[in-house]
J.: 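Can you keep this structure in mind? I'll have questions shortly.
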Amino acid sequence: MSTDTPRDQPRKLFLLSAGYNGTSGKAYLKLLDPRRQEIVIWNDPTGHQPFCYSRESVEKLKQDERLTQAGAIGFLRESKFDLMEDKPIEVTKIVASDPLAVGGRAGSIRELVEAWEADIPYHLNYIYDRGLVCGMPYRVQRNDLIPLVADRKRIDSIVEELFAKEPDEERREIRNWMLLLEADQPEIKHVSLDIEVVSPVSTRVPSPGRAEDPVVSVALRGSDGLKKVLMLKRDLGGELLSGLPFTVQLYENEKDLLKETFNTIESYPIVATFNGDDFDLPYLRNRAERVGVERSAVPVLVGRQGASLKRGIHLDLYRLFFNKSMQIYAFNNAYRENTLEAVGQGILGRGKVEIEKPIAQLNLRELACYNFGDAELVHSLLSYHNDLVLRLLVVLCRISKLTIEDVCRQGVSGWIKNLLFYEHRARGYLIPRSEDILKVKDVTSTKAIIEGKKYRGAIVVKPVPGMHFDVTVLDFASLYPSALKEWNLSYETVRCPHLDCRGNRVPETSHWICTKRKGLQSLLVGSLRNIRVAWYKPKSSDEHLPEETRTWYSVVQRALKVFLNASYGVFGARIFPLYCPPVAESTAAIGRHAFSRAIEKARELGVKVIYGDTDSIFLETDKNLVRMLIDWAARNLRLDLEIDKVYRYVVFSTRKKNYLGVTTSNVVDVKGLTGKKRHVPIFIKKAFDDMVEKLRNVRTPEDLAEARREIEDVLRDWYHKLNHREFSLEDVSFHVMMSRAPERYVKTTPQHVKAARKLRDQGLSVSAGDIISFVKTRGREGVQPLQLARKEDVDVDKYMEYLESTFDQVLDTLGINFKSIKGISSLEDFF
DNA sequence: ACCTCTGGCTGGATAT
DNA sequence: ATATCCAGCCAG
């Protein structure tokens, strides 16, 4: 570990990460010097081990011999505020002054205390206790870090202008958030890395643990323009390695290749990979050890959580893009699978370099191109749209108070947990243990529709089947966050201890809400919502601003959206440390209440309600009545009802969550229909898309007859192709994800698992998370994995059935009869 | 091993 | 033959 001191450092440094040194137990910070683009490691003089709080007395703690014998433990009495009891409390902090005295490694105090099972609410990490926030700029002053928040005068005037009507407490909160979010952003140099390993045994999957096969190629792509592939010299025939868009360096031995790789990545503050946590970095590390690179020259650290770097920051984009919240809210569902290929195609519109042979059979030139292609793709994912992903990470750090690496690794519940814990610490609140909350609040009073769920969720209105022209869709703007905000929901305010609050009931439930104290979660969600709606959302589409500034606002806007959308669900999740079922239940109940009142009102106004789901209402109407409804909601529900879109027409069957609509801007929305699902064969998707294309052009009821004829033609065409086997096996393959390992399906054996087992019998490895491609075949099992299928075996009748049911979801409401088309088509074939 | 939630649809497997 | 369960994918 470096012993850099901050004495001679430049004025501004960005905090990127923090942790404990595994052997010394000393706290350290990783800061970026933006001018030199180097990481400065600061061994924090004030840093100490994690410590714990207890409601128990100091005396009891001191009497425990296991603690005192471990030595060097201090006890500190401190005043905290217990939110659940709504009163101050004296707690005891256990502090390790010297971690080596209690076992010699970081975290041992925590383990000790947990083993002892004391009445301990929570351990702390020093970085949060000090209030440091990763992603923020700092100034070093007299051996300490001073945050460089945004210009206070500017923020004050914004807050004054936009949030004048908010109560003081909310306004203070908003101001603090703005000071963080509007602070300077770092420019960070980065390098993307990808390695290739070739095994002499063709079926062997390279294991990073054993690292028995050589690293034959390492591709590096830097934000400073670096484009390089380091390759092991192998006798594969004379290939031309010039004329490539990157440079190639050949190495006689692997040791030198690895050393050069390490040298390069050490000169960048950020190293990005795709799945580097589980493959590239551990492989490099273990391989280096195997071929005799000295320890000190290997910058990679492999921990339980993933791989990191001694000096720099490692970003595994696989983990980040795998995160569901990121997928949906930050990247707008642009990709649906978690492979580099799928993410690249979805976000950038291009994928990996195509190869026809297995990697082991590529010549050097082909291998170099393939390898560099991956590094280039990772680089593009990190840097497209003016480093959008990197900026997003920085914003997520500022909101969650996690380090950049932890934002990548943890899910959204981890982000919210950390944010809430930080806010507790910052305010001197006691962090309750899960048992403490559940002792009083493990209560629900509604019955879920779906068997086995904990409480009742949203309402879905039965659609009016048929085709509807000129339909307006109204949407409650962030309904659940608004419910949390307006109804003061938080784990401490729902079913609070005060008798006088019991009358303040949540509709449809047995819960009451505190009337004396503002709930922490409500305050946070409310402020973040206000900031997003009043500042970042409008700024992100403000045409007067330069493109770059707009991008920044849109990044923050999206990051806020991720937090807001997840802030309801986590309270209903067992694993969440502040799990509180009545909070989740109340949120949903308030949502239902507002939703059904709006629908009642619409009907009262004489507006026809076609459909509705959770927070959206489909209305067949006139504009004036819509306006009236919106005004009514603002006045009576204190919620923003907005026009989301207007459909020229929508087609509904009797099914909920299933419809097709064409908006006034000619966009076709297909929701929930089989033809759009991921696992469906492309053959059926294409047929479906052809039909959708015909429907796009329908403008009036009169156009329908024409479209109907065209669709019948389309169907006949596809039917004919199927009947004459004019398709490839890929065309008719289903693609279904295995959520667990094949042997763990015990209750039933679904088709994709049958296919997976056949693959495994062939010696191929299949594991949880893999997407299995299979074809429906004739014969007893009815299924064959794509790799083993033969065209003659395809069960055409089954596909016909599937095609039929896919189309029927739309056709029966359009008055098209699939059966008759089938009849005509087979008649033609007959003659 | 992974994990924010509930509601709703589908086809195939399995029990009756 | 029919009902129910299981598993996957999707809407919000």
Side-chain angles (χ1 to χ4, degrees), chain A residues 278 319 322-325 328-329 333 336-338 409-417 444 446-463 473 475-476 478-481 562-581 583-589 591-592 595 611-617 644 653-659 669-680 734-741 744-754 767-769 771-772 774 776 781-783 798 801-802 805-806 808-809:
Chain A
D278 292 321
R319 297 259 179 126
F322 190 75
N323 187 316
K324 267 274 164 319
S325 300
I328 296 168
Y329 298 115
N333 247 331
R336 292 202 277 190
E337 285 162 49
N338 307 296
R409 290 190 186 122
Q410 299 193 22
V412 72
S413 66
W415 303 348
I416 293 178
K417 172 192 113 175
T444 53
T446 58
K447 194 177 172 304
I449 306 265
I450 297 177
E451 191 74 28
K453 298 293 185 191
K454 283 167 286 200
Y455 56 89
R456 175 157 298 192
I459 296 171
V460 186
V461 180
K462 253 202 238 149
V473 181
D475 224 67
F476 281 107
S478 36
L479 179 61
Y480 287 177
V562 172
F563 276 86
L564 293 174
N565 277 301
S567 56
Y568 140 75
V570 290
F571 282 95
R574 257 249 109 89
I575 44 115
F576 188 62
L578 298 173
Y579 172 58
C580 185
V583 170
E585 184 177 38
S586 300
T587 313
R592 283 197 303 276
F595 182 74
Y611 177 65
D613 185 348
T614 312
D615 57 359
S616 66
I617 310 174
D644 181 31
S653 64
T654 54
R655 298 165 189 83
K656 293 171 173 179
K657 297 186 188 275
N658 268 265
Y659 60 89
D669 277 348
V670 178
K671 300 286 183 180
L673 300 176
T674 305
K676 280 292 281 263
K677 294 196 176 179
R678 185 187 69 182
H679 67 282
V680 169
F734 286 82
H735 312 278
V736 179
M737 164 137 36
M738 279 204 312
S739 63
R740 41 189 192 256
R744 296 203 38 213
Y745 288 82
V746 285
K747 288 179 177 154
T748 54
T749 312
Q751 292 198 315
H752 65 295
V753 179
K754 280 190 180 138
S767 48
I771 291 179
I772 307 295
F774 66 90
K776 290 181 194 265
E781 290 198 287
V783 55
K798 264 271 175 296
E801 248 174 60
Y802 210 92
S805 72
T806 304
D808 268 350
Q809 293 173 1

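Here is how names work: the chains are called A, B, and so on, in the same order as the sequence lines, proteins then strands, and each is numbered from 1.
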J.: Can you find a side chain N or O atom of A:S805 that sits less than 4.0 Å from OP1 or OP2 on B:dG11?
T.: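 Answer is yes, contact under 4.0 Å.
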J.: Nearest to the A:A573 side chain among B:dT10, B:dT6, B:dC5, which nucleotide is it?
T.: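 Of all the options, the side chain of A:A573 is nearest to B:dC5.
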J.: Reading DNA chain B from 5' onward, which residue's closest nucleotide shows up sooner: A:V412 or A:T654?
T.: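 This one resolves to A:V412.
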J.: Nearest-Å distance, CG (A:N565) to C1' (B:dT4)?
T.: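 After rounding, the reported distance stands at 10 Å.
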J.: Is any side-chain heavy atom of A:F576 closer than 4.5 Å to one of A:I416?
T.: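 Contact flag for A:I416/A:F576 side chains = yes.
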J.: Measure CD1/A:I449 against C1'/B:dC5 and give the value in whole Å, please.
T.: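 Value for this atom pair: 15 Å.
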J.: May I ask you to decide if A:Y455's main-chain N or O and A:K447's side chain share a donor-acceptor pair within less than 3.5 Å?
T.: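 No, because the side chain of A:K447 does not come within donor-acceptor range (under 3.5 Å) of the backbone of A:Y455.
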J.: Report the distance from atom CZ of A:F322 to atom P of B:dA1, rounded to the nearest whole Å.
T.: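 Rounded to whole Å, this separation is 14 Å.
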J.: Is there side-chain contact between A:F774 and A:H735, with heavy atoms separated by less than 4.5 Å?
T.: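 With C-beta onward as the side chain, the pair stays apart.
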J.: With a 4.0 Å cut-off on heavy atoms, is A:A584 in touch with a base, just the backbone sugar-phosphate, or nothing at all?
T.: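 Here A:A584 touches no strand at all.
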J.: Closest approach to the side chain of A:R740, judged atom by atom: which nucleotide of B:dG7, B:dC5, C:dA7 is it?
T.: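 The answer is C:dA7, which lies nearest to the side chain.
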J.: Is any side-chain heavy atom of A:Y568 less than 4.5 Å from a side-chain heavy atom of A:P481?
T.: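 No. Closest side-chain heavy atoms not under 4.5 Å.
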J.: If every non-hydrogen atom of A:M737 is compared with every non-hydrogen atom of A:G769, which pair is closest and at what distance?
T.: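 Of all heavy-atom pairs spanning A:M737 and A:G769, the closest is SD-O, 3.5 Å.
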J.: Rounded to the nearest angstrom, tell me the gap between atom CD1 in A:I459 and atom C1' in B:dG8.
T.: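 After rounding, the reported distance stands at 15 Å.
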J.: Measure the distance from CD1 on A:I772 to C1' on C:dC9 and round it to the nearest whole Å.
T.: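 Nearest whole value for this atom pair: 16 Å.
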J.: Under 4.0 Å, counting only non-hydrogen atoms across every strand here, what does A:F576 touch: a base, just sugar-phosphate, or nothing?
T.: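 Nothing: the residue A:F576, judged by heavy atoms under 4.0 Å, touches no strand.
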J.: The side chain of A:K776 is closest to which nucleotide in this list: B:dC3, B:dG12, B:dC9?
T.: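 The nucleotide sitting nearest to the side chain is B:dG12.
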J.: Check whether the ring centres of A:F734 and A:Y802 lie less than 6.0 Å apart, and answer yes or no.
T.: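 So the answer is yes for these two rings.
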J.: Between the two end axes of the helix from B:dC5-C:dG12 to B:dT16-C:dA1, each built from 5 base pairs, what angle do you get to the nearest 10°?
T.: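 Comparing the axis at each end, I get an angle of 10°.
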J.: Can you find a heavy atom in the side chain of A:Y611 that is under 4.5 Å from one in the side chain of A:V460?
T.: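 Yes, side chains in contact.
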J.: What are the two closest heavy atoms between A:I575 and A:S413, and how far apart are they?
T.: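 Distance-wise, the nearest heavy atoms are CD1-OG, 3.8 Å.
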J.: Would you indicate what A:A566 reaches in the nucleic acid, counting non-hydrogen atoms under 4.0 angstrom: base, sugar-phosphate, or nothing?
T.: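 Touches nothing.
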J.: Return the value, rounded to whole Å, for the distance between atom CZ of A:F774 and atom P of C:dG8.
T.: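 Rounded to whole Å, this separation is 11 Å.
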J.: Applying a 4.0 Å non-hydrogen cut-off, can you work out what A:R456 is touching in the nucleic acid: base, sugar-phosphate, or nothing?
T.: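 Sugar-phosphate contact only.
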J.: Quick check: do A:V680 and A:T674 have side-chain heavy atoms less than 4.5 Å from each other?
T.: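 Yes; the side chains approach each other to less than 4.5 Å.
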J.: Strictly below 4.0 Å: does A:R655 bring a side-chain N or O up to OP1 or OP2 of B:dT10?
T.: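 True: A:R655 side-chain N/O within range (under 4.0 Å) of B:dT10 OP1/OP2.
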J.: Any ion pair linking A:K656 and A:D613 (charged N to carboxylate O, less than 4.0 Å)?
T.: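 Looking at A:D613 and A:K656, the cut-off is not met.
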J.: So, is A:S739 close to the C:dG8 phosphate, meaning a side-chain N or O under 4.0 Å from OP1 or OP2?
T.: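 Affirmative; the distance criterion is met.
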J.: Where is the tightest heavy-atom contact between A:A588 and A:R456, given as atom of each residue plus distance?
T.: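 Taking every non-hydrogen atom into account, CB-O, 3.6 Å.
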J.: At a cut-off of 3.5 Å, list every protein nitrogen or oxygen paired with a nitrogen or oxygen from nucleotides 10-12 of chain C, distance to 0.1 Å.
T.:
from	atom 1	to	atom 2	distance (Å)
C:dC10	OP1	A:R336	NH1	2.7
C:dC10	OP1	A:R678	N	2.7
C:dA11	OP1	A:G672	N	3.1
C:dA11	N3	A:K657	NZ	2.9
C:dG12	OP1	A:Y659	OH	3.1
C:dG12	O3'	A:D613	O	3.4
C:dG12	O3'	A:D615	OD1	2.4

J.: With respect to the phosphate group of C:dG8, does any side-chain polar atom (N or O) of A:H752 fall under 4.0 Å of OP1 or OP2?
T.: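 Looking at the OP1 and OP2 atoms of C:dG8, one of them is under 4.0 Å from a side-chain N or O of A:H752.
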J.: What do you reckon, are the aromatic ring centroids of A:F476 and A:F595 less than 6.0 Å apart?
T.: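 That pair fails the under 6.0 Å test.
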J.: Calculate the interatomic distance between A:W415 atom CH2 and B:dC3 atom P; express it in whole Å.
T.: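 After rounding, the gap between these two atoms is 11 Å.
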J.: What's the gap between B:dT4 and C:dA11 when it is taken at their C1' atoms, as a whole Å value?
T.: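 To the nearest whole Å, 16 Å.
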J.: Each nucleotide N or O in nucleotides 13-16 of chain B that has a protein N or O under 3.5 Å away: list the pair and distance.
T.:
from	atom 1	to	atom 2	distance (Å)
B:dA13	OP1	A:K754	NZ	2.7

J.: Looking for any heavy atom pair under 4.0 Å, which part of the strands does A:G569 touch: base, sugar-phosphate only, or nothing?
T.: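 Here A:G569 touches the bases of the nucleic acid.
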J.: Check step by step if side-chain hydrogen bond (donor to acceptor under 3.5 Å, both in side chains) holds for A:Q410 and A:K417.
T.: CA-CA 10 Å; A:Q410 299 193 22; A:K417 172 192 113 175; 5.3 Å; no
J.: Which part of the nucleic acid, if any, lies within contact of A:I575, taking any heavy atom under 4.0 Å across all strands shown: a base, the sugar-phosphate backbone alone, or nothing?
T.: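 Base contact - A:I575 has a heavy atom under 4.0 Å of at least one base atom.
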J.: Over all strands shown, is A:Y745 touching base, sugar-phosphate only, or nothing at heavy-atom distances under 4.0 angstrom?
T.: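 Touches sugar-phosphate only.
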J.: Roughly, in whole Å, what's the span from CE in A:M738 to P in B:dG12?
T.: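 Computing the A:M738:CE to B:dG12:P distance gives 19 Å.
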